[in-house]
Amino acid sequence: AAKESGRSTFCVYQPEMRLEAERRHLLTAELRDALAKNQFELFYQPIMQLADNTLSGFEALIRWRHPQRGLVAPLEFIPIAEETGLIVPIGEWVLREACRAAASWPPHLKIAVNLSVCQFRHTSLLSSVVSALDEKGLQPHRLEIEITESVFLADVEQSLPLLKALKELGVRIAIDDFGTGYSSFSYLRAFAFDKIKLDRSFVAGIETDPGNLAIVRAVVGIGSGFNATTLAEGIETEGQLQKLRDEGFGEVQGYLLGKPQPLSYAEALIYGGGQGWGDAPATAGERM
Ligand code: C2E
Ligand code: MG
Ligand code: MG
Ligand code: MG
């Protein structure tokens, strides 16, 4: 990871993501253009609370509607946006757009937004969050910020006070992709996360792999010990859903419950007759 604290360029420089100079140059110009031309879009993936099978909110996931290439997935442009610092204005757009959408929903529904480690290097993060909430009229506890352990790896002295300040605002903080990368128990002790999102790689084999089941049980224990909600990502089968329910997980998210979809589909799920999950347009519409 880069050491130039406070600098936005080469923020999470990773050699394997390095594109050849020319392509990178073009993509950077295109990304800048995309922001100006409003080509970014948020898709929303539903999150279900297991205790009562109700919708607890959505995770906002960015898409780039490219005029020629169509819908572009975040992993194809977020790394370069991080490398060039463009993630900061893009991230600010995401925050405002997610808060705008959620402010019109029933007040029990939350919105989860992914933040890049680069945004933590920028002193403007706290004020960006405050102004997005104020401007859109969203109560802080309805916003959940998802971070990965890279935030701790990069610069703890700067990240930890920022996380604490966000929490003091009333914003909820989730650790994403838990169990992968360098995530470690010490981060759980260092910061009081409101939610632990178990990475989908541990969910995949849960029905057959005793090791994955042991991990799931350990995470349930950690969640209750640290007073954090537990969420399992990437639920694709009824069997996985049942298992996680049996083990006492708090929330689930995955293609079984609903893929990330445009705002209109999220709103159809929210307002669709109020009969609950069964009426979700789970197979309708544009997806990715
Ligand atoms: P993430 O935050 O861990 O998001 C979950 C990813 O898993 C999403 O991919 C989602 O579509 C996918 N997913 C959800 N359920 C299932 C399932 O049942 N099976 C499978 N196979 N996949 C599932 P997506 O939308 O392509 O996003 C990838 C990553 O890009 C995200 O991972 C997040 O790290 C990043 N990202 C997305 N939106 C933003 C954003 O607005 N800002 C930043 N900084 N990063 C973002
Ligand atoms: Mg996430
Ligand atoms: Mg995740
Ligand atoms: Mg992930």
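One-based numbering, in listed order, for ligands and for the atoms of each. A quick note: this is a predicted structure, and the numbers were derived from the prediction, not measured.
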Asker: Does Ile62 reach ligand 1 with a nitrogen or oxygen that is under 3.5 Å from one of the ligand's nitrogen or oxygen atoms?
Answerer: yes
Asker: With heavy-atom distances below 4.0 Å as the criterion, list the atoms of ligand 1 near Gln45.
Answerer: 14 (C), 15 (N)
Asker: Which ligand 1 atoms are under 4.0 Å away from a heavy-atom of Pro260?
Answerer: 11 (O)
Asker: In ligand 1, which numbered atoms sit nearer than 4.0 Å to a non-hydrogen atom of Glu233?
Answerer: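 Near Glu233, the atoms of ligand 1 are 3 (O).
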Asker: Does atom NE2 of His141 have more than 12 heavy-atom neighbours, drawn from other residues, nucleotides or ligands, at distances under 6.0 Å?
Answerer: yes
Asker: Answer yes or no: is there a donor N or O on one side and an acceptor on the other, between the side chain of Arg142 and the main chain of Ala102, under 3.5 Å?
Answerer: yes
Asker: Does Thr230 use its side chain to pair, donor to acceptor, with the backbone of Ile196 at less than 3.5 Å?
Answerer: no
Asker: Nearest heavy atom to atom 16 (C) of ligand 1 wins, so pick from Tyr255, Phe43, Phe77, Phe40.
Answerer: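 Closest candidate by heavy-atom distance is Tyr255.
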Asker: Tell me the nearest of Val113, Asn114, Leu257 to atom 42 (N) of ligand 1, using heavy-atom distances.
Answerer: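 Among Val113, Asn114, Leu257, the closest heavy atom to atom 42 (N) of ligand 1 belongs to Asn114.
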Asker: I need the contact type for Ser116 against ligand 1. Using non-hydrogen atoms and a strict under-4.0 Å cut-off, is it side chain, backbone, both or neither?
Answerer: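 It is both backbone and side chain that touch ligand 1.
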Asker: I'd like to check which ligand 1 atoms, numbered from 1 as shown, lie under 4.0 Å from a non-hydrogen atom of Val94.
Answerer: 41 (O)
Asker: Could you go step by step and tell me if Gln45 and Tyr255 meet the side chain to side chain contact (heavy atoms under 4.5 Å, CB included) rule?
Answerer: CA-CA 9 Å; Gln45 186 175 32; Tyr255 293 170; 4.0 Å; yes
Asker: Angle at the Mg ion (ligand 3) between OD1 of Asp177 and OE2 of Glu233, to 10°?
Answerer: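 That angle works out to 130° after rounding to 10°.
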Asker: By atom name, which N, O or S atom belonging to Glu59 lies closest to the Mg ion (ligand 2)?
Answerer: OE2
Asker: Taking the six-membered ring for Trp and the full ring for Phe, Tyr or His, determine whether the centres of Phe193 and Phe178 are under 6.0 Å apart.
Answerer: no
Asker: Measure Thr148 to ligand 1 on non-hydrogen atoms and call it side chain, backbone, both or neither using the 4.0 Å cut-off.
Answerer: neither
Asker: Give yes if a backbone or side-chain nitrogen or oxygen of Gln119 is under 3.5 Å from a nitrogen or oxygen of ligand 1, and no if not.
Answerer: no
Asker: Would Glu59 count as a contact residue for ligand 1, given that I'm defining contact as a non-hydrogen atom of the residue lying under 4.0 Å from a ligand atom?
Answerer: yes
Asker: Considering both backbone and side-chain atoms of Gln253, is one of its nitrogen or oxygen atoms within less than 3.5 Å of a nitrogen or oxygen in ligand 1?
Answerer: no
Asker: Do you know which N/O/S atom name in Asp176 is closest to the Mg ion (ligand 2)?
Answerer: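 Nearest N/O/S atom: OD2.
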Asker: Is Gly234 close enough to touch ligand 1? Criterion: a residue heavy atom under 4.0 Å from a ligand atom.
Answerer: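 It does; at least one heavy atom falls under 4.0 Å.
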Asker: Kindly say whether Glu236 contributes a backbone atom to a donor-acceptor pair with the side chain of Gln240 at under 3.5 angstrom?
Answerer: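 Yes, Gln240 side chain to Glu236 backbone: donor-acceptor pair under 3.5 Å.
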Asker: For Ile235, counting its heavy atoms only, list the atoms of ligand 1 lying under 4.0 Å from any of them.
Answerer: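 Here the atoms of ligand 1 in question are 18 (O).
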Asker: Just to verify, which of Lys110, Lys197, Lys195 counts as forming a salt bridge (Lys or Arg N to Asp or Glu O under 4.0 Å) with Glu251?
Answerer: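 The single option meeting the salt bridge (Lys or Arg N to Asp or Glu O under 4.0 Å) with Glu251 is Lys195.
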Asker: Would you mind naming the N, O or S atom of Glu146 nearest to the Mg ion (ligand 2)?
Answerer: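 Of all N, O or S atoms belonging to Glu146, OE1 is the one nearest the Mg ion (ligand 2).
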Asker: Using 30° and 60° as the class boundaries, would you call the ring planes of Trp64 and Phe77 parallel, tilted or perpendicular?
Answerer: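 It falls in the perpendicular class, over 60°.
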Asker: Is the shortest side-chain heavy-atom distance between Pro74 and Leu61 below 4.5 Å?
Answerer: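 Side-chain contact under 4.5 Å: no.
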Asker: Run down the list Arg63, Glu146, Glu236 and name the one with the heavy atom closest to atom 20 (C) of ligand 1.
Answerer: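 Of the listed residues, Glu236 has the closest heavy atom.
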Asker: For the CG atom on Asn227, are there more than 12 heavy atoms of other groups (residues, nucleotides or ligands in this structure) within a distance under 6.0 Å?
Answerer: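 It does not: Asn227 CG has 12 such atoms or fewer within range.
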Asker: Less than 4.5 Å apart, any side-chain heavy atom of Leu153 and any of Tyr187?
Answerer: yes
